Amino acid sequence: MNYVLIGNSVAAVNAVAGIREYDREGDITIVSAENYYAYGRPLISYWLEQRVNEKNLPYRPETFFARNKVRVLLGRRAVRLDPEARQVFLDNGESLPYDRLLLATGGRPFLPSINGLTPENHYTFMTYDDARRLEKAASPGREAVILGAGPTGLKAMESLVRRGVKVTLVELADRIWAPALDPEAASMVAGFLQDRGVNIYLNDTLDGVRRGDNGRLDLELKSGRRLAADILVVAIGVRPNVELFQDLPGVTINRGVVVGADLSTGLPGVYAAGDVVAGNPPLLPHAAIQGKIAGRNMAGGRETYKPLPPYNALGILGLHIISIGVSAAGEGYEILQEADPAARVYRKLVLQDNRLVGGLLINKIDRAGIYRYLIEEGIEVTSFKDRLLQPDFGLLSLPDTIWQQQLAK
C-alpha cells in the first residue's frame with residue numbers, strides 16, 4: 001500500500017502512527033510545505049519569549065520518521081490532485097502515486113481587505129517562520145498593535161509583552177475572545193491585561209495602514225481613532241487550505257472539506273483530518289485524534305470519529321484559562337458560577353437538561369479534567385449537581401453507576 005500525507009502536521013504525524021498499527025510495511029510519504037519536521041505550533045510563542053529553544057519545538061523527534069519508515073519531503077507543496085489517476089503533483093514537477101491519501105494541510109491566517117495592508121507591513125502568528133520574522137522586529141521599547149483578541153492574538157500579545165514591547169489589542173467584538181469568554185470573564189481578563197500595560201480597544205477594527213516618513217505605521221481604525229506602531233500583527237481568524245480540492249467533483253467544500261464519519265472525503269481512498277476539515281475547531285487535540293483515526297481507516301480500520309466539544313487551555317502572562325464546550329453561553333442554560341474578582345478567579349459550569357455542556361475556569365483549574373470528561377461523555381449529573389463547584393469535588397464524588405458504565409465499555 002502506498003500512502004501519501006499532504007501536510008507535516010499534528011494530524012499527519014498521528015496518521016502515521018494510526019497507519020502503522022495496521023500496516024507495518026506500506027510506503028508512507030509526507031509532503032511538507034514548511035522546511036521543518038512537524039512541530040508543536042503552540043510552542044512558537046514560548047520560542048519567541050525565549051522560554052524554549054528550537055530543539056524543543058518538534059512534535060516528534062526525527063527518529064520517529066525513520067523508525068516508521070516515512071519519507072518526508074520538506075519545502076515541497078502539493079499543487080494538483082488527479083483522483084482518477086491517483087496522483088499528487090508537486091511544485092517541483094514531481095508526481096506521487098497513492099493508494100491512500102490524507103489531506104492534512106491545516107489552515108492559513110485570514111487577511112481582511114484593509115486599505116494599504118501589504119505583506120511587508122504586517123505579521124501573522126501561526127508558524128515558526130512567522131515567529132522568526134516577528135522576533136527580528138520585537139525589540140524592547142517598540143510599540144505593537146495586534147488586530148484580533150482571540151487565542152492567537154493573545155499569545156502574540158504575551159510574547160511581545162515579555163520581550164518589552166508595548167502592546168495594543170484591537171478587537172471587533174464587544175469583548176476579548178468572545179467565543180470562549182462570557183462578558184464577566186472577559187472583563188476580568190481585560191482588567192488583568194490592562195493592569196500590565198496592555199491597551200484594549202473593543203468594538204473596533206483596522207480601516208487603513210500607511211507607512212509614515214519616519215518608518216512607523218500610521219493605523220486608522222474604523223472608529224476614527226489613529227494609532228502609531230512599529231509592528232502590526234493580524235490575528236483575526238483561520239481559513240482552511242482547501243485549494244487542492246477546489247472544483248473537484250465528488251468533494252464538498254463548506255469553508256473546510258466535508259468528511260464522513262470515517263473522515264473520508266468522497267474521493268476514492270482520500271481522507272482529511274485537522275484544521276482543513278469543515279466545522280473542525282482549530283485545536284491540537286482534535287487534529288491529533290482525527291489524524292489517528294484517519295490513519296487507521298486508510299490502512300483498513302473501520303473507526304468513526306465522534307466530534308468533540310472545543311477545549312482550550314491558555315496561559316497569558318500568568319493568568320490561566322480553560323474553556324470547554326459552550327463556555328460563553330448564558331441565556332437558555334442553567335449556570336453554576338463562582339467568582340472572586342480580587343483573586344482573578346472565575347469558575348462557571350453550563351448545564352442543559354441536567355448535563356454539563358460547557359465550562360469556563362480562570363486561575364482555579366484543578367477540576368478541568370473531570371468537567372471535560374462529564375461533558376464529552378454526556379453524563380447526567382442530577383444526583384451530584386450541587387457538589388460540582390464544591391472544594392472537595394473530585395472523582396470520588398461520581399456515583400458508582402458511572403464507574404460501572406465506563407468499565408462495561
Side-chain angles (χ1 to χ4, degrees), residues 1-34 36-42 57-74 76-78 81 83 86-88 90 96-107 127 240-242 244-245 251 256-308:
M1 189 76 76
N2 194 9
Y3 305 91
V4 174
L5 316 180
I6 304 175
N8 190 17
S9 60
V10 167
V13 170
N14 278 277
V16 169
I19 290 168
R20 288 302 185 222
E21 289 179 14
Y22 284 78
D23 183 350
R24 296 300 305 171
E25 300 301 326
D27 292 328
I28 301 177
T29 300
I30 287 178
V31 179
S32 169
E34 293 187 74
Y36 316 102
Y37 284 85
Y39 57 90
R41 294 191 188 279
L57 294 179
Y59 182 68
R60 291 285 186 271
E62 287 187 33
T63 53
F64 168 87
F65 301 93
R67 187 172 65 252
N68 286 285
K69 295 179 281 188
V70 179
R71 176 191 180 204
V72 181
L73 303 179
L74 297 176
R76 293 270 66 89
R77 189 178 298 275
L81 172 64
R86 295 206 177 197
Q87 289 197 11
V88 176
L90 307 186
L96 301 176
Y98 68 85
D99 298 301
R100 298 289 183 271
L101 176 74
L102 177 70
L103 187 72
T105 49
T127 68
N241 291 318
V242 298
L244 203 61
F245 280 5
V251 179
V257 178
V258 177
V259 297
D262 62 350
L263 300 174
S264 61
T265 64
L267 295 176
V270 181
Y271 296 74
D275 297 358
V276 75
V277 172
N280 210 38
L283 299 170
L284 187 147
H286 295 68
I289 294 170
Q290 283 191 341
K292 181 68 72 69
I293 292 174
R296 289 168 176 164
N297 289 345
M298 291 165 70
R302 294 181 177 274
E303 291 193 39
T304 59
Y305 172 71
K306 174 186 175 184
L308 299 172

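Each residue takes its place number in the sequence, starting with 1. Not measured: the values here are computed from a predicted model.
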Where the side chain of His286 meets the backbone of Leu308, is there a donor-acceptor pair that is under 3.5 Å apart? yes
Restricting to non-hydrogen atoms, name the atom on Tyr22 and the atom on Glu303 that form the minimum distance, rounded to 0.1 Å. OH-OE2, 4.5 Å
Is a side-chain donor or acceptor of Asn2 paired with a backbone partner of Asp99 at a separation under 3.5 angstrom? no
Can you find a heavy atom in the side chain of Phe245 that is under 4.5 Å from one in the side chain of Val270? yes
Stepwise side-chain contact (heavy atoms from CB on, under 4.5 Å) check, Leu101 with Val88: CA-CA 9 Å; Leu101 176 74; Val88 176; 3.7 Å; yes
Compare every heavy atom of Gly26 with every heavy atom of Arg20, then report the nearest pair and how far apart it is. NH2-O, 2.8 Å
Heavy-atom distance under 4.5 Å between the side chains of Leu5 and Ile19, does that happen here? yes
Which one of Ile28, Val16, Asn8 satisfies the side-chain contact (heavy atoms from CB on, under 4.5 Å) criterion with Phe65? Asn8
Look at the side chain of Arg100 and the backbone N and O of Met298, then say whether any donor-acceptor pair between them is shorter than 3.5 Å. yes
Out of curiosity, Thr265 OG1 to Tyr271 OH, how far, rounded to the nearest 0.5 Å? 9.0 Å
What pair of heavy atoms forms the shortest contact from Leu283 to Asp275, and how long is it? N-OD1, 3.9 Å
Interatomic spacing from OG1 in Thr29 to OH in Tyr3 - rounded to 0.5 Å: 12.0 Å
Ala17 to Lys292 - nearest heavy-atom pair and separation: CB-CE, 3.7 Å
Rounding to 0.5 Å, atoms CG (Asn241) and CD1 (Ile6) come to a distance of 11.5 Å
Student check: side-chain heavy atoms of Tyr59 and Asn14 closer than 4.5 Å: yes
Indicate the atoms forming the closest heavy-atom contact of Arg76 with Val31, along with that distance. O-CG1, 3.4 Å
Close side-chain approach of Val72 to Leu74, heavy-atom, < 4.5 Å: yes
Can you confirm whether Leu81 sits close enough to Tyr98 that some side-chain heavy atom of one is under 4.5 Å from a side-chain heavy atom of the other? yes
Donor-acceptor pair, Asp262 side chain versus Ser264 backbone, under 3.5 Å? yes
Note: Asn297 and Arg302 closest approach over all heavy atoms is OD1-N, 3.4 Å
pair Thr105-Leu244: side-chain heavy atoms closer than 4.5 Å: no
To the nearest 0.5 Å, what is the distance between CZ (Arg77) and CG (Leu90)? 11.0 Å
Any Ile289 side-chain heavy atom under 4.5 Å of Tyr305 side chain: yes
Taking atom CG of Leu263 and atom CZ of Arg296, what is their separation to the nearest 0.5 Å? 11.5 Å
Quick one: are Asp23 and Glu25 in side-chain contact, heavy atoms under 4.5 Å? yes
